[in-house]
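The next block holds one structure in the form of structure tokens; read it before the comments.
All values below come from the heavy atoms of this structure, side chains included, with hydrogens, waters and symmetry mates left out. This one's a predicted model, so the numbers in the text were calculated from it and none came from an experiment.
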Amino acid sequence: MLPSHINFGRHYQGGNPMSVPAWNPAVEFMEREALERLQLAQLRQTVSWALKTPFYRRRLAEAGLTRSEDIASLRDLRHLPYTTKDDLREAYPDGLLAVEPEQAVRLHTSSGTTGMPTVIYHTRRDLDAWTELVARCIVATGATAGDVFQNMTHYGLFTGGLGLHYGAERVGMLVIPVSSGNTSRQIQLLRDFRATVVHATPSYLLHLHTALAGAGVTADQLHLRKAFIGAEPHSEQIRRKIETLFGIEAYNSYGLSEMNGPGVAFECLYKTGLHLWEDAYILEIIDPHTRQPLAEGETGEIVMTTLQRQATPLLRYRTRDLSHLVSGHCPCGRSHRRLARLKGRSDDMLIINGVNVFPSQIEDLLMKTPEVGSNYLIQLEKRGALDRLVVKTEIYAKLFTGDPQTLDALRERLGEALRSAILVKPVIELHEPGSLPVSEGKAKRVLDLRPAF
Ligand code: DLL
């Protein structure tokens, strides 16, 4: 029996302040024992899907596992191999595709460490399962079919746009699929269609607020009541600032393309941590150095195993994201455990206005350019609410003429090449040979001047 305070998302009107809105109460409030039984069954299923790929056949055989039935309990998970971003990169483009190509209906890619992207394929069923997870997240925040949803995240290979889009449609919201950028249009749409819920990166919402002032619009002329914020690190202070500036409630959303995208973990009305949907993912927190599991409350690397995705099943994927499990129960009564706000990463990936960039991608491109010398510096700054990437590079001495036109053309060419490779428009600074500081010992190539989040 479900507790009486739960409302089905489809019918929730937000009238009773004590009630907890939920999209799929049967799963969201499932007893732990039943949830773990479901996880075990899905883990076996996932391993049998994974065994369809040469990559996992080899990896699992090395771990002594050739049949999914060999998994007797969830504890056996620790015998399974880890999967890393590099594994995904090496499997590019279809080494991890576990279904017939014609069964896959969409793919998403995200940046890999040295430019080679990681690819996740989805079957129709995978997309449906993802949509359901996102619908759960949306309804858990109290958003309803009656809301007008302006989706300000990028549509395309990035998963933020399409991920939230289909979830919001499923809930029955009126969706404005505006995508990212074009702030004056965002403001016009917010006003004309009286959007009540938005989805954006936290830095973009702060930028939007500044732009509102420039357009002579005050937040209380809008009809906003909620924001879903994610895709980049942000502090509790930033959330509060967004809430105060707009007079709304903002909910933290965590996800990554390798685990579909958004819809992995989300805050509910109570904002006591991000519920991670454990019927869809097995969560582990490990010490990134020893790879040993950590106890509840200890901060370590998030490792996840997909439980529902057939086209690209992933076992023990090392996300490189750092967090810990929140102990105790959430007042909402959901049985799915909660992740604390993310604390950073255990690798050098940079998140620039929500876009993931590895310094090695920038280095690769610079080093491929004959006019560029070997010394360079990647600097990150805040310009207003947004991040700014400055790439400072020396010119190769033999090709340095000092001719302003040649330098302008090189600056332009490098800026464009980087923009298309990493999807962030950099400011390029060209320096005379030998003029950038040379570090003693291990070169420090990244200078992050953004305030700590
Ligand atoms: O950023 C998916 C997403 C879209 C999540 C929209 C939330 C909202 P990727 O581009 O693959 O996917 O980037 C994933 O972004 O490993 C984290 O390092 C970081 N990240 C995502 N959400 C949060 C968050 C999407 N709420 C990477 N807080 C992840 C901190 C986050 N970091």
Between [X] and [Y] (side chain of the first, backbone of the second, donor and acceptor by atom type, cut-off under 3.5 Å), is there such a pair?
X      : Y      : answer
Tyr56  : Leu315 : yes
Glu232 : Ser203 : yes
Glu278 : Arg337 : yes
Trp49  : Val99  : no
Arg334 : His329 : no

Distance only, no hydrogens: is a donor on one side chain within 3.5 Å (strictly under) of an acceptor on the other, for [X] and [Y]?
X      : Y      : value
Thr131 : Asp128 : no
Gln186 : Gln150 : yes
Glu31  : Ser335 : no
Thr153 : Ser180 : no
Tyr254 : Ser323 : no
Gln361 : Glu363 : no

Which heavy atom of [X] sits nearest to which heavy atom of [Y], and what is that distance?
X      : Y      : answer
Ala143 : Arg225 : CA-NH2, 3.8 Å
Glu298 : Ile285 : O-CG2, 3.8 Å
Ile351 : Pro233 : CD1-CD, 3.8 Å

Does a salt bridge link [X] with [Y], judged by any charged N lying under 4.0 Å from a carboxylate O?
X      : Y      : result
Glu249 : Lys271 : yes
Lys226 : Asp147 : no
Asp321 : Lys343 : no
Glu267 : Arg239 : yes
Asp347 : Arg318 : no
Glu258 : Arg320 : no
Glu236 : Arg341 : yes
Glu132 : Arg170 : yes
Asp86  : Arg89  : yes

Discussion item. So, taking the atom named CD1 in Ile378 and the one named CD1 in Ile362, what distance separates them when rounded to the nearest 0.5 Å?
Written reply: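 Ile378 CD1 to Ile362 CD1: 4.0 Å, rounded to 0.5 Å.
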Fill in: Test ring-ring contact (aromatic ring centres under 6.0 Å, His included) applied to His336 and Trp277, Phe29, Phe266, the passing residue
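Only one option passes, and that is Trp277.
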Practice prompt. Please examine the side chains of Leu164 and Ile138, heavy atoms only from C-beta on, and report whether any two atoms are closer than 4.5 Å.
Written response: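 In contact.
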[X] atom [atom1]: more than 12 heavy-atom contacts under 6.0 Å:
X      : atom1 : value
Arg32  : CZ    : yes
Arg124 : CZ    : no
Glu33  : CD    : no
Arg194 : CZ    : no

Worksheet item: Which of parallel (below 30°), tilted (30 to 60°) and perpendicular (above 60°) describes Trp130 and His108?
Response: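 Perpendicular, since the angle between the ring planes exceeds 60°.
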Discussion item. As a quick check of understanding, evaluate ring pair (Phe, Tyr, Trp, His ring centres under 6.0 Å) for Tyr317 and Tyr82, giving each step before the final call.
Written reply: CA-CA 6 Å; Tyr317 179 69; Tyr82 287 109; over 10 Å; no
Discussion item. Centroid separation under 6.0 Å, is that true for the rings of Tyr155 and His165?
Written reply: yes
